[in-house]
Amino acid sequence: MDTQLAIQTDVSLKSLNTFGIESVAARFLEVRGVQDLEAVYRDPFLKELPRLVLGGGSNLLLVSSRYEGIVLKMVNKGMAVERDDGQSTYIRVCAGELWHDFVMWTLRNGYPGLENMSLIPGTVGAAPVQNIGAYGVELKDCFYSLRAFDFHSGQMVELDREDCAFSYRDSIFKHEMKDRLVIIDLTFVLPKAWTPNIGYGDVASVLRAEGISDPTPEDISRAIIAIRQRKLPDPNVQGNAGSFFQNPTVSAETLAQLRESHPNIPSYPQSDGRFRIAAGWLIDQCGWKGKQLGRAGVCATQALVLVNCGGAEGGEIATLAKAIQADVKAKFGIELNPEPSFI
Ligand code: EPU
């Protein structure tokens, strides 16, 4: 084994996942840069181990009490303007930075565009995996490219927006590149011509209540932080992974049928003619909001968020998720897909 690498053994992951679930990693490495991944690649034993790349651990459900592979915890840091073409600013940021810290840095330095994604938990490197999004903006809208280490070739590769095949909470990193690429850094392109995006949900009404008619990017960021803090539980207080299910997509025909018995069903038209339905509403309608099963619970302010009520094992959260899926299926005929990865 490469003695240069500070590999730890039997490391508790409890403080490294936002659900706060106990699980032990057989091997664990803090990745400070691509050289650490190259060293893992060169080591014939380490190279063959199953790998779990860990960012902020905010989109993860640890269902096994042990992970018999190597956890690669991304801790590489740095963010800087890479270039400016007069129209847009290109900013490069390392995978190990916290997403929210990065958003705050862009606003402080006068590069708006990411403010609607304020306070999303997790790291920058995890953000493209599920194409994070909130309040009408998705990562892909301001993404330019990323660099990743390829465990097939042992080389760095660069991917642009098209290569990443982004869609709603999805990308190539959840599919063919899942166990192959480790994201090292991202480049964002932020146009200098900024327009506010306040059409989604409560954002406009929160700003209006504050008497703001011509919001700055900072105003929008503050409003979104306030909305998120009101609705979503703080993982430092109550373990959770944000939205536990994706909002399902249905055809116009299915929506019309659902509307006959449920006229208030919240739905959002998509560019392909289909409609996205609010999973939180479906769960709420099944009576799950604020309910508990074992040590796993459903958040009382947002039914889409499952919480660790204290000392829950991953299996208890998974059992609650299954019960919710069964009820939603029985009442609405809709399948809910979990957002977090089950490990
Ligand atoms: N609703 C209910 N009951 C609930 C929860 C929601 O009736 O318990 C209704 C709301 O009243 C609203 C609709 O469902 O009409 C949608 O709710 P909300 O605006 O809170 O958004 P969401 O669709 O539940 C999505 C993202 C969130 C993101 C918000 C804002 C997904 C799976 N979730 O939630 O992302 O912050 O929109 O853009 O797409 C995350 O991914 O972790 C996350 C928090």
Side-chain angles (χ1 to χ4, degrees), residues 17-19 55-61 99-100 103 114-123 126-141 166-171 174 197-206 220-221 223-235 238-250 255 258-259 262-270 275-291 297-307 317 321 324-325 327-328 331-332 334-341:
N17 71 99
T18 58
F19 258 125
S58 55
N59 199 40
L60 188 65
L61 181 63
W99 173 261
H100 181 65
V103 174
L114 301 175
E115 56 281 351
N116 288 42
M117 293 187 282
S118 297
L119 212 63
I120 295 186
T123 53
V129 177
Q130 61 156 353
N131 180 29
I132 61 168
Y135 302 99
V137 179
E138 287 182 323
L139 171 122
K140 76 167 164 56
D141 302 329
F166 292 123
S167 61
Y168 169 67
R169 295 295 196 272
D170 204 14
S171 75
K174 279 191 167 180
N197 189 336
I198 56 168
Y200 188 98
D202 306 341
V203 184
S205 60
V206 167
I220 296 174
S221 172
I224 284 171
I225 289 172
I227 297 169
R228 290 187 74 101
Q229 283 176 335
R230 200 173 60 224
K231 275 195 185 170
L232 300 169
D234 178 353
Q238 190 169 44
N240 74 88
S243 300
F244 194 88
F245 298 102
Q246 295 177 354
N247 284 335
T249 309
V250 298
L255 178 63
L258 285 165
R259 280 229 177 99
H262 309 282
N264 299 329
I265 192 164
S267 61
Y268 311 95
Q270 303 302 298
F275 289 83
R276 194 161 294 143
I277 308 273
W281 186 89
L282 299 173
I283 299 166
D284 198 349
Q285 294 294 305
C286 290
W288 274 108
K289 201 168 182 168
K291 294 278 163 57
V298 181
C299 177
T301 49
Q302 163 57 291
L304 195 48
V305 178
L306 303 192
V307 295
I317 309 274
I324 290 171
Q325 284 169 310
D327 281 3
V328 168
K331 193 172 167 77
F332 298 100
I334 293 178
E335 306 267 0
L336 290 184
N337 290 322
E339 245 193 37
S341 316

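Since we're looking at a predicted model, the values are computed, not measured. Atoms considered below: every heavy atom in the structure, side chains included; atoms not considered: hydrogens, waters and symmetry mates. All ligand and atom numbering here is 1-based and tracks the order in the structure.
Closest protein heavy atom to atom 5 (C) of ligand 1: Gln302 OE1, 2.7 Å. Closest to atom 8 (O) of ligand 1, if we only count protein heavy atoms, is Ala303 N, 2.8 Å. Given atom 14 (O) of ligand 1, the protein heavy atom at minimum distance is Ala278 CB, 3.2 Å. Of the protein's non-hydrogen atoms, the one nearest atom 18 (P) of ligand 1 is Lys231 NZ, 3.9 Å. Of the protein's heavy atoms, Asn247 ND2, 2.8 Å lies nearest to atom 23 (O) of ligand 1. Of the protein's non-hydrogen atoms, the one nearest atom 9 (C) of ligand 1 is Trp281 CB, 4.0 Å. Among protein heavy atoms, the minimum distance from atom 34 (O) of ligand 1 is reached at Leu304 CD2, 4.1 Å. Of the protein's heavy atoms, Tyr135 N, 2.6 Å lies nearest to atom 38 (O) of ligand 1.
Using a 4.0 Å cut-off to heavy atoms of Glu339, the atoms of ligand 1 that qualify are 31 (C), 32 (C), 41 (O). For ligand 1 and Lys289, the ligand atoms under 4.0 Å from any heavy atom of the residue are 3 (N), 4 (C), 8 (O). Heavy-atom contacts of Pro266 reach the following atoms of ligand 1: 15 (O) (cutoff under 4.0 Å). Close approach to Tyr168 involves these atoms of ligand 1, each under 4.0 Å from a residue heavy atom: 31 (C), 32 (C), 39 (O). Close approach of ligand 1 to Ala134 (heavy-atom distance below 4.0 Å) involves ligand atoms 36 (O), 38 (O). Of all atoms in ligand 1, listed by their number and element, those nearer than 4.0 Å to a heavy atom of Phe245 are 32 (C).
Side-chain contact between Ile265 and Trp281 is present, with heavy atoms from C-beta onward closer than 4.5 Å.
Not close to ligand 1: Gln285, with no non-hydrogen atom less than 4.0 angstrom away. Under the 4.0 angstrom criterion for non-hydrogen atoms, Arg169 is in contact with ligand 1. Look at Arg228 and you'll find a heavy atom under 4.0 Å from some atom of ligand 1.
Contacts classified as salt bridge (Lys or Arg N to Asp or Glu O under 4.0 Å) and involving residues 280-290 (residues at least two apart or in different chains) are given here: Asp284-Lys289.
Between Gln130 atom CD and Ser171 atom OG the span is 9.0 Å, to the nearest 0.5 Å. The CG atom of Leu255 sits 5.0 Å away from atom CD1 of Ile277, with the distance rounded to the nearest 0.5 Å.
Exactly one of Asn240, Ile324, Ile283 qualifies for a side chain to side chain contact (heavy atoms under 4.5 Å, CB included) with Leu306. That residue is Ile324.
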Carefully, step by step, assess Gln270 and Arg276 under the rule side-chain hydrogen bond (donor to acceptor under 3.5 Å, both in side chains).
-> CA-CA 7 Å; Gln270 303 302 298; Arg276 194 161 294 143; 3.0 Å; yes

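With a heavy-atom cut-off of 4.0 Å, Tyr200 touches ligand 1 through its side chain alone. Residue contacts with ligand 1, taken as heavy atom pairs separated by less than 4.0 Å, involve Tyr268 solely via side-chain atoms from C-beta onward.
Between Thr301 and ligand 1, no pair of N/O atoms sits closer than 3.5 Å.
A donor-acceptor pair is defined here as one N or O able to donate and one able to accept, closer than 3.5 Å; no such pair exists between the side chain of Tyr168 and the backbone of Thr249. Between the side chain of Asn131 and the main chain of Phe166, no donor-acceptor pair closer than 3.5 Å is present.
Residues forming a ring-ring contact (aromatic ring centres under 6.0 Å, His included) with Tyr200 (at least two apart in sequence, or on another chain): Tyr135.
The option with the heavy atom closest to atom 44 (C) of ligand 1, from among Ser243, Gly122, Gly242, is Ser243.
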